[in-house]
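Following: one structure in C-alpha cells, then a few remarks.
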Amino acid sequence: KAIVNTTPTYTLSGLASSSIYDVYVRAICGAGDTSGAPKTPYVNGYSFCGGTGTQADPYQICTETHLRNLSNYVATYGVDFNGVYFKLMNNITMSQGAFEPIGGTTTPFRGHFNGANHTISNLTNTNTSSTHRGLFGKIIGASVDSLTISGTITGADSTGGIVGSAINSSITHCTNNATIAYGGSNYPAHGGIAGTAVNTIITDCRNTGSLISFETGDAVAYGIWNAQDRGAMFITPGTKVYAGMVVGVTQKSDDVPVNV
C-alpha cells in the first residue's frame, strides 16, 4: 500500500473497508538510521503491545487498555477476528470501570485467545437487561484457554464468567472465580464458565464463583438441602434473602442460580 509523506502526517491509501491491516512505525534515529526502533501493531487505530495475529506470533495483550482495545474494536468496527490469535502477557487488574464483553450478538468473537495461565481480576460487567455477558459475550468457532478471571458479572440470558454464549468453540484450562448473578428470575441460562454452550467442548475448567439466590423471601430447610449438592451454603433456614444475594460457593460450571 502506498504511504504518502505529507510531513508531519502520513496518509495510507488503497485500504479496503472492514479489513485488518498491520501498520509498523519505525523511528529514524539519525541520518537514515532506522535500526533498533520498536514496532507496535495498530488495527484501525486500536493497538496491542506486539505480535502479528498469527498462531506463531499472536497479538499480545499486556495491559487493561489493550484488552479494552480488543473489545472496542469488535464492537466498533464489527470485525470478528476470525482465525486471528491473541495472547495475554501479564496478569491484569481491571481499574477503569465496567467492561464491555468481547463479542456479542451482532458480531461474535471468532478468534483464539490464550490466557497463558494469567489472571484477569476485578472484572466488572453488570447489565441486568443485556444478554451475552462475560469476559467474552458471544463466541463462534473460537477458542479460549489457560485463563482465570475474578470479579462480578451480572446479566440477563446467556451470562457466564469466561463466556456468555459459546457455539462450535472450545474452552480449556479456565477458572472462574467471579460472582455470577441473575439479572432477573426469567433468565435461566447462567453458568460459571459459560452461560450457554452449543457444540462446544469445555475441558479441565473449574468454577469457584458464588451461588446466587434468584428469589426474594425467607430461606427454607428444603431449599437449602436441595442446593447443597451444588456447593457450600452460607445461610441457614429462616435467613432473609433477596434476588441476587450470594448464598454459597460452588466449584461447578453450572447450576449457579439456586432457589432457597
Side-chain angles (χ1 to χ4, degrees), residues 61 64 67-76 78 80-81 86 88 92-111 113 115 119-140 142-144 147-171 174-198 200 202 205-214 242-246 249-250 252-258:
I61 296 177
E64 176 178 356
L67 188 65
R68 290 182 181 274
N69 286 345
L70 175 56
S71 171
N72 292 338
Y73 187 71
V74 177
T76 301
D80 56 18
F81 288 105
F86 296 85
L88 188 62
I92 295 177
T93 300
M94 307 294 280
S95 61
Q96 299 176 25
F99 179 80
E100 188 64 21
I102 301 167
T105 303
T106 302
T107 307
F109 177 76
R110 298 176 184 267
F113 189 96
T119 298
I120 298 173
S121 57
N122 199 34
L123 180 68
T124 302
N125 185 335
T126 302
N127 190 326
T128 58
S129 62
S130 181
T131 63
H132 302 97
R133 312 303 291 180
L135 174 64
F136 293 86
K138 185 174 183 178
I139 64 175
I140 298 179
S143 67
V144 182
L147 177 66
T148 297
I149 70 162
S150 65
T152 302
I153 299 174
T154 303
D157 202 10
S158 297
T159 294
I162 304 297
V163 178
S165 173
I167 301 174
N168 299 329
S169 299
S170 66
I171 305 171
C174 289
T175 298
N176 170 54
N177 292 327
T179 297
I180 311 299
Y182 259 179
S185 59
N186 294 324
Y187 306 113
H190 284 60
I193 300 298
T196 57
V198 178
T200 292
I202 300 177
C205 293
R206 64 192 301 263
N207 174 60
T208 57
S210 300
L211 294 172
I212 303 296
S213 172
F214 63 81
Y242 56 87
M245 177 178 172
V246 177
V249 63
T250 179
K252 297 184 179 180
S253 60
D254 56 3
D255 290 327
V256 173
V258 293

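Nothing here was measured: the structure is a model prediction, and the numbers come from that model.
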- Shortest non-hydrogen contact from N125 toward G134: ND2-O, 2.8 Å
- Going by atom types only, do S165 and T196 share a side-chain donor-acceptor pair under 3.5 Å? yes
- Note on the structure: Rounded to the nearest 0.5 angstrom, the CD1-CD1 distance for I167 and I140 is 4.5 Å
- Taking the side chain as C-beta and beyond, is there a heavy-atom pair between F81 and L70 under 4.5 Å? yes
- Task: Using the six-membered ring wherever Trp is involved, compare the ring planes of F136 and F109 and label them parallel, tilted or perpendicular (cut-offs 30° and 60°).
- Result: tilted
- Under the side-chain contact (heavy atoms from CB on, under 4.5 Å) test, which residues partner T106, sequence neighbours left out? none
- Message: Between E64 (side chain only) and Q96 (backbone N and O only), is there a donor and an acceptor less than 3.5 Å apart?
- Response: yes
- T200 and A166 have their tightest heavy-atom pair at OG1-O, 3.2 Å
- Residues in side-chain hydrogen bond (donor to acceptor under 3.5 Å, both in side chains) with T93, at least two apart? S121
- Item | Close side-chain approach of L147 to L135, heavy-atom, < 4.5 Å | yes
- Message: To the closest 0.5 Å, what do you measure between CD1 (I61) and CD1 (I120)?
- Response: 7.5 Å
- Could you walk me through whether L67 and I102 pass the side-chain contact (heavy atoms from CB on, under 4.5 Å) test, one step at a time? CA-CA 9 Å; L67 188 65; I102 301 167; 4.1 Å; yes
- Task: Using atom types as modelled and distance alone, determine if a side-chain donor or acceptor of T148 lies under 3.5 Å from a backbone N or O of T119.
- Result: no
- Message: What I'd like to find out is whether the side chain of V74 reaches to under 4.5 Å of the side chain of D80, using heavy atoms alone.
- Response: no
- Query: Counting N and O atoms only, with roles assigned by atom type, does the side chain of S71 sit under 3.5 Å from a partner on the main chain of N69, one being a donor and the other an acceptor?
  - Reply: no
- Say whether, by atom type as modelled, one donor and one acceptor occur between the side chain of N122 and the main chain of M94 under 3.5 angstrom. yes
- Item | Minimum-distance pair of heavy atoms, taken over all atoms of T131 and T105 | OG1-OG1, 4.3 Å
- Hey, what do you get for CD1 (I162) to CD1 (I193), rounding to the nearest 0.5 Å? 5.0 Å
- dist I153:CD1 -> T124:OG1 (nearest 0.5 Å) comes out at 9.0 Å
- Message: I want to check something: taking the side chain as every heavy atom from C-beta on, are K138 and S158 in contact at a cut-off of under 4.5 Å?
- Response: no
- Does any non-hydrogen side-chain atom of T159 lie less than 4.5 Å from one of T154? no
- Which pair of non-hydrogen atoms, one from A194 and one from I171, has the smallest distance, and what is that distance? CB-CD1, 4.3 Å
